Protein chains: 2
Amino acid sequence: MATVSSAALAERGGTTAAQVRKDLSYLGSFGKRGLGYSVPELTQVLRRVLGLDSTWRVALVGAGRIGTALFEYEPFRKRGFAITTVVDSDPAKVGSRMGNVVVRGDDEMEQALRESGTELVILAVPAPVAQNVADRAVAAGVKAILNFAPAQLRVPVDVTLGNVSMLLELEGLSYALARGKKG
Amino acid sequence: MATVSSAALAERGGTTAAQVRKDLSYLGSFGKRGLGYSVPELTQVLRRVLGLDSTWRVALVGAGRIGTALFEYEPFRKRGFAITTVVDSDPAKVGSRMGNVVVRGDDEMEQALRESGTELVILAVPAPVAQNVADRAVAAGVKAILNFAPAQLRVPVDVTLGNVSMLLELEGLSYALARGKKG
DNA sequence: GCATGTGAATAGGTTCACAGCC
DNA sequence: GGCTGTGAACCTATTCACATGC
């Protein structure tokens, strides 16, 4: 059984079979009618499309509690996202090691990003400074930012921004709880 | 100037004025034509609707790196989300203190959730055990779960599930980078 | 026979545009 | 005059349903 049906994928992913088929159809038609999708072929196609077969230079800016946790976050490593540059503004941390990466100072950020050829920055800094750090990262040639700060960042169109909104999610649950009491 | 226009809100929030007006219109019509929205009134309404004037009992399950970081995450505290129960499966951690909260063992989880009257659980456990822990939390009366594990959880309809998908976001950026190289 | 791939139908959500009110 | 509130137009995304091919 090296094959999987759209219904099975939907079941796992919490969506519908039609949705799965429609989405996959945009990547070409490599399903076998009457059978389903070949698992090896499917993984290969998805890895390629998602760019998971390439290796991106990833830098972590902000080595506070969240940043440190992300540095060692297993799911990132498992999928091949290795953080090779770390920047922090705390002088006490600069020069120390995280794994085998030496923490660079905030004033060296642009240089560190450029010399490592970083394409992707994980931004784990306090909200008030997030926009400023993002601007500097963009100026240093970064093409994608994963923002963990609860702040609405503005970036140029050629830079991709991803947000991890822990606070918004929590507020969403608060909303649901408040509604639930009523209804 | 204790008033703000939909255009100004849109500017800050990275959306459009029409969108802001449409959304706010569902909460009643408390804007003043020709002026905008009263800031105190707007904050009050939003706080009430989001349930931020209520205090929810929040428990943290999983006191690993991510969990510990969340426990001390400033934006949560600032908005009034205080974690008053912590559970971890590591015997070395059980009985130790985080702030002034004593860490409870995994086998005490249901009891700890029940005796604290927890409505909301922050789930910061490894993906393979996330569903099992979620099921147990639901059985213990939890009504909302904020899941940090890269896993698609299944919960009853009367339980609200929020996901913080760090890995998915990162994969999304990988996709954008891969596309960007081509186009 | 069974499951994909895909046009057609539907639903959902965003944008337009303007009447209404301050 | 300026800005909200909202029906209508529009656009995007999901669901349906079935012809197609293994």
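Labels below follow one simple rule: chain letters A, B, ... track the order of the sequence lines, proteins then strands, and each chain is numbered from 1. The structure displayed is predicted, hence computed values, not measured ones.
Listed here is the closest heavy atom pair of B/L153 and B/L161: O-CD2, 3.7 Å. When all heavy atoms of A/A130 and A/V125 are compared, the pair lying nearest together is CA-CG2, 3.7 Å.
Here A/Y26 lies out of heavy-atom contact (under 4.0 Å) with every strand.
Judged by distance alone, with hydrogens and angles left aside, the side-chain atoms of B/K93 form a donor-acceptor pair with the main-chain N or O of B/A63 at under 3.5 Å. When atom types are taken as modelled, the side chain of A/E108 and the backbone of A/G105 share a donor-acceptor pair closer than 3.5 angstrom. In this structure, B/D90 contributes its side chain and B/A92 its backbone to a donor-acceptor pair below 3.5 Å. Remark: side-chain polar atoms of B/S174 are paired, donor with acceptor, to backbone N or O of A/G51 under 3.5 angstrom.
In this structure, B/E115 does not pair ionically with B/R57, as no charged nitrogen and carboxylate oxygen lie closer than 4.0 Å.
Nucleotides of DNA chain C that come within less than 4.0 Å of any heavy atom of chain B span, from the 5' end to the 3' end, C/dT14 to C/dC22. For DNA chain D, the span of nucleotides reached by chain B at under 4.0 Å from its heavy atoms goes, 5' to 3', from D/dG2 to D/dA8.
Checking A/S29 against B/R21, the closest nucleotide of DNA chain C that is more toward the 5' end is the one next to A/S29. Nearer the 5' end of DNA chain D, as judged by each residue's closest nucleotide, is the contact made by B/G34, out of A/A18 and B/G34.
Within the 4.5 Å cutoff, the side chain of B/M166 has heavy atoms near those of the A/L70 side chain.
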